[in-house]
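What follows is one structure encoded as structure tokens, with my remarks underneath.
Letters A, B, ... are given to chains in the order of the sequence lines, protein chains preceding strands, and every chain is numbered from 1. It should be emphasised that the depicted structure is a prediction, and the values quoted were computed from it without experimental measurement.
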4 protein chains.
Amino acid sequence: MADEMDEWLASLLRLSDEDDKMTDKQIKIIQAAVEIFAEKGYAATSTSEIAQKAGVAEGTIFRHYRTKKDLLISIVTPVMAKLVAPFVLRDFNKVLDSHYEHFEDFLRAVMRNRLDFVVKNAPIIKIMLHEIPFHPELQRQFREKVFPQVADRVVRIVQRFQDRNELVEMPPFALLRMAVSVMAGYILTRSLILPDDDWDDEAEIERAVAFIMHGLTPANH
Amino acid sequence: MADEMDEWLASLLRLSDEDDKMTDKQIKIIQAAVEIFAEKGYAATSTSEIAQKAGVAEGTIFRHYRTKKDLLISIVTPVMAKLVAPFVLRDFNKVLDSHYEHFEDFLRAVMRNRLDFVVKNAPIIKIMLHEIPFHPELQRQFREKVFPQVADRVVRIVQRFQDRNELVEMPPFALLRMAVSVMAGYILTRSLILPDDDWDDEAEIERAVAFIMHGLTPANH
Amino acid sequence: MADEMDEWLASLLRLSDEDDKMTDKQIKIIQAAVEIFAEKGYAATSTSEIAQKAGVAEGTIFRHYRTKKDLLISIVTPVMAKLVAPFVLRDFNKVLDSHYEHFEDFLRAVMRNRLDFVVKNAPIIKIMLHEIPFHPELQRQFREKVFPQVADRVVRIVQRFQDRNELVEMPPFALLRMAVSVMAGYILTRSLILPDDDWDDEAEIERAVAFIMHGLTPANH
Amino acid sequence: MADEMDEWLASLLRLSDEDDKMTDKQIKIIQAAVEIFAEKGYAATSTSEIAQKAGVAEGTIFRHYRTKKDLLISIVTPVMAKLVAPFVLRDFNKVLDSHYEHFEDFLRAVMRNRLDFVVKNAPIIKIMLHEIPFHPELQRQFREKVFPQVADRVVRIVQRFQDRNELVEMPPFALLRMAVSVMAGYILTRSLILPDDDWDDEAEIERAVAFIMHGLTPANH
DNA sequence: AATGAATGAGGCTTCATTCAT
DNA sequence: CATGAATGAAGCCTCATTCAT
């Protein structure tokens with residue numbers, strides 16, 4: 001347990017320096033694996049294919065990652081960490097208090113930030129979404145490390161705005177689910193489903209925020 | 001092409017009589033495959049495992065489905081057809097006109113109906129979502145048969161309500177994406193992600209519809 | 001446990017009909033494996049080599065034996081059973097009483113019989129001797145099934161002859177160890193170590209029995 | 001050939017100074033290899049495992065021993081040499097003449113001495129017994145260097161005692177085989193097969209010598 | 001002398017598919 | 001129609017050995 005937590009924290013702290021301490025070949029292995037896992041899925045990807053694309057011998061993969069699944073986890077774990085990163089900054093609440101006067105400012109900031117993150121890590125996000133259901137180890141990471149970290153903090157924010165009567169009364173989780181659905185609906189469509197379409201991110205973000213805040217009923221209705 | 005289209009139409013027409021013309025063994029094969037594909041993913045499932053769970057010999061699978069991929073497609077294709085079914089009923093527009101005075105009535109009806117459908121076909125929906133990205137054949141079906149059939153029709157409905165000033169002005173696709181995100185967010189959470197939680201479907205549907213129509217801003221704000 | 005015992009008994013009962021119920025290919029696999037295991041040792045033998053010598057596809061081996069170790073155990077287990085067979089015949093004691101008036105008659109009979117058996121199964125005996133130290137499963141079989149079955153019975157015989165003052169007083173186990181050493185020394189030399197030398201089995205058996213009974217001191221000394 | 005012979009002689013001459021001229025790492029490699037070879041067998045042992053247990057890098061093993069088989073031979077060769085050592089002392093015959101009035105004195109001395117040696121070198125003896133059948137190089141060493149050296153000398157001793165009518169007339173080799181079987185039967189049981197049992201070596205040696213000399217027939221029979 | 005990353009051949013095993021029964 | 005033994009390609013992984021540092 002302690003070890004796992006350490007590793008987890010380590011990967012969090014290593015947020016800035018990507019590919020830290022990785023050998024040249026290791027980086028090429030990861031890059032190749034990400035590319036092919038995203039394209040064909042983990043189970044349908046062979047280690048020999050990864051080796052070939054990475055330009056290394058197949059045995060080299062197993063010097064760095066004990067098993068193929070280890071390789072998968074080494075790819076997904078860091079982006080899970082980065083997924084929660086903005087929410088676990090030490091002075092997250094302070095930042096919030098000072099920065100976001102209204103809930104929609106918060107929404108806008110989060111959506112912008114996470115859209116940027118997903119676009120930059122689209123292939124790994126795709127891998128993560130596809131493989132979490134099939135790998136208990138990844139589920140555990142998500143259930144224990146990602147979800148509570150984010151949910152707890154955001155629920156508190158929602159409640160604060162509900163107390164100020166800026167948001168409707170409703171179980172915070174339901175409220176969040178709907179707001180997140182809207183944002184995720186755009187982020188995933190734009191980065192994973194139809195990445196080749198032309199998108200006006202700023203306009204869409206504004207639209208999403210407005211929709212979340214005011215719904216589809218026209219003002220003069 | 002003609003053949004495929006025929007098959008597609010056939011599966012559409014076969015909507016009512018499930019498992020029509022299927023031998024007993026064939027049904028057991030499909031049932032076993034659905035169960036294991038959903039649990040472990042298509043690529044990680046072996047035909048021998050399916051045969052074992054279905055209680056048939058390995059060879060029997062290949063008597064009915066030429067390849068393992070054929071089996072997958074035979075599973076996913078009919079639910080794709082049923083996914084669009086309510087939108088391609090011959091007198092869809094008439095039904096709409098007569099039944100739904102307001103957009104939110106339409107939303108409610110669709111959400112109730114599709115939630116019911118997804119809950120009943122959860123494993124196959126899960127398979128579909130996971131495998132579409134990796135199988136061009138399934139992508140084609142979705143892109144050519146499912147999406148346009150539904151989108152065209154629903155866009156027209158949205159436009160009608162926009163003309164009546166019941167819905168805000170906005171590109172119908174964006175409007176739809178957001179509304180669908182909210183509904184899908186609930187439907188998938190409830191049926192695939194956390195199916196074991198207790199859910200009050202009616203309440204959640206009302207909440208979702210209200211959210212879509214009026215957003216999160218309180219009335220007295 | 002019950003299963004294992006059943007299997008064990010089954011292999012005992014199957015003593016007469018060798019290769020019972022085995023397919024043609026299965027027999028060829030076993031024959032090839034015995035030959036190569038004996039020649040190069042289990043660990044240094046590859047399954048592809050076995051397949052080649054057996055004239056089957058490598059996959060065929062694994063249809064019949066789940067693992068390479070299973071194959072080894074399937075080879076060694078039956079000869080372990082046959083090793084004890086003469087000692088666990090239902091009316092072993094009766095046979096003894098009626099047949100062998102003197103201990104040396106018993107020795108002669110056993111040595112003749114087991115020499116014959118080892119000569120006929122030399123390669124598997126060699127495999128067994130080499131692999132028992134490295135495979136706990138085989139050790140267990142020997143310790144639980146072979147050794148006690150034989151030792152208990154033979155100790156009783158020794159004691160009977162000691163009671164009649166036909167054998168010196170001495171812990172039966174020590175007495176047995178020495179007598180067995182002499183017999184095994186010949187049997188193994190003759191069948192495994194120098195099988196190509198010319199051996200006069202009858203003369204050597206007589207010599208061994210005389211040695212065991214009277215030692216090396218000349219009568220007139 | 002010359003080289004090999006030199007090496008052989010060298011290892012013989014090096015009898016007294018164990019691990020002579022070996023670097024610290026070399027000693028640790030040999031120790032680790034002996035331990036693991038004895039435990040799992042040569043073929044089932046990996047060089048990486050040896051390196052790890054020895055606390056050296058994998059490459060270091062190959063700096064000292066060109067191949068894994070070289071390592072095996074470097075381990076087995078010296079104990080083969082020591083196995084014959086007592087029989088090739090320069091004044092072996094003189095020693096014999098002066099020391100052992102009776103054959104049983106000789107037996108006792110040899111058995112005591114070799115038991116001691118085997119107990120002290122049990123793991124290597126085990127390796128030797130297991131690997132000789134699979135490595136022509138080791139067979140050659142045994143057949144050419146060990147066996148004749150010992151056999152020739154001991155046969156002469158036996159003949160001397162036969163001439164004195166202290167031993168029965170019989171081909172010296174057969175006589176030796178039986179005597180050696182009894183001694184080896186104890187030595188191997190005590191040191192390799194059941195080393196954890198309690199053994200009274202002196203009593204067992206006496207018993208073995210008495211058995212060899214007088215057999216199992218009671219004096220008063 | 002020592003290291004350990006890199007190699008690629010080869011090991012065991014699984015798998016989708018075929019075919020004689 | 002159904003079976004299941006047989007196949008051999010391919011998958012994941014290990015290993016002895018090499019070589020630049």
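- Between A:S48 and B:A57, the one whose closest nucleotide on DNA chain F sits nearer the 5' end is B:A57.
- Counting to the nearest Å, the C1' atom of E:dA16 and the CG atom of B:D70 are 13 Å from each other.
- Separating the CD atom of D:E58 from the P atom of F:dC15 is a distance of 9 Å, rounded to the nearest angstrom.
- OP1 or OP2 of F:dA16 sits under 4.0 Å from a side-chain N or O of D:T47.
- Relative ring orientation between B:F134 and A:H130 is described as tilted, the plane-to-plane angle lying within the 30° to 60° band.
- Salt bridge annotation for C:E49-C:K40: present, with a cationic side-chain nitrogen under 4.0 angstrom from a carboxylate oxygen.
- Side-chain proximity of C:T60 to the nucleotides E:dT3, F:dC1, F:dT7 is greatest for F:dT7.
- As judged by a 4.0 angstrom heavy-atom cut-off over every strand, C:S46 is placed among residues touching the sugar-phosphate backbone only.
- Between the CZ atom of C:F37 and the C1' atom of E:dG11 there is a distance of 13 Å, given to the nearest Å.
- We find that CZ of A:R63 is positioned 15 Å from P of F:dT18, with the value rounded to whole Å.
- Proximity of D:K69 to the phosphate of F:dA16: no side-chain N or O atom is located under 4.0 Å from OP1 or OP2.
- Straight-line distance from the CD1 atom of C:I29 to the P atom of F:dA5: 12 Å, rounded to whole Å.
- Nearest heavy-atom pair across C:V79 and C:I75 is CG1-O, 3.8 Å.
- Under a cut-off of 6.0 angstrom, the local environment of CD in D:Q52 is sparse, with at most 12 non-hydrogen atoms contributed by other residues, nucleotides or ligands.
- Comparing D:V56 and B:R66 by the nucleotide of DNA chain E whose heavy atom lies nearest to each, the residue mapping closer to the 5' end is D:V56.
- Taking only side-chain nitrogens and oxygens, D:H64 never comes nearer than 4.0 Å to OP1 or OP2 of E:dA1.
- Summarising the base pairing, E:dA2 is matched to F:dT21 through a Watson-Crick or G-U wobble pair whose two defining distances lie under 3.5 Å.
- Following rounding to the nearest Å, B:F62 (CZ) and F:dA6 (C1') show an atom-to-atom distance of 14 Å.
- Residue order along DNA chain E, read from the 5' end via each residue's closest nucleotide, puts D:G55 first among B:A43 and D:G55.
- As rounded to whole Å, 14 Å separates atom P of E:dG11 from atom OH of C:Y42.
- In terms of position on DNA chain F, the residue among B:G59 and A:E49 whose nearest nucleotide sits closer to the 5' end is B:G59.
- Counting only N and O atoms by type, the side chains of A:S48 and A:E58 include no donor and acceptor under 3.5 Å apart.
- Distance A:K68 NZ to F:dG11 C1': 8 Å, rounded to the nearest Å.
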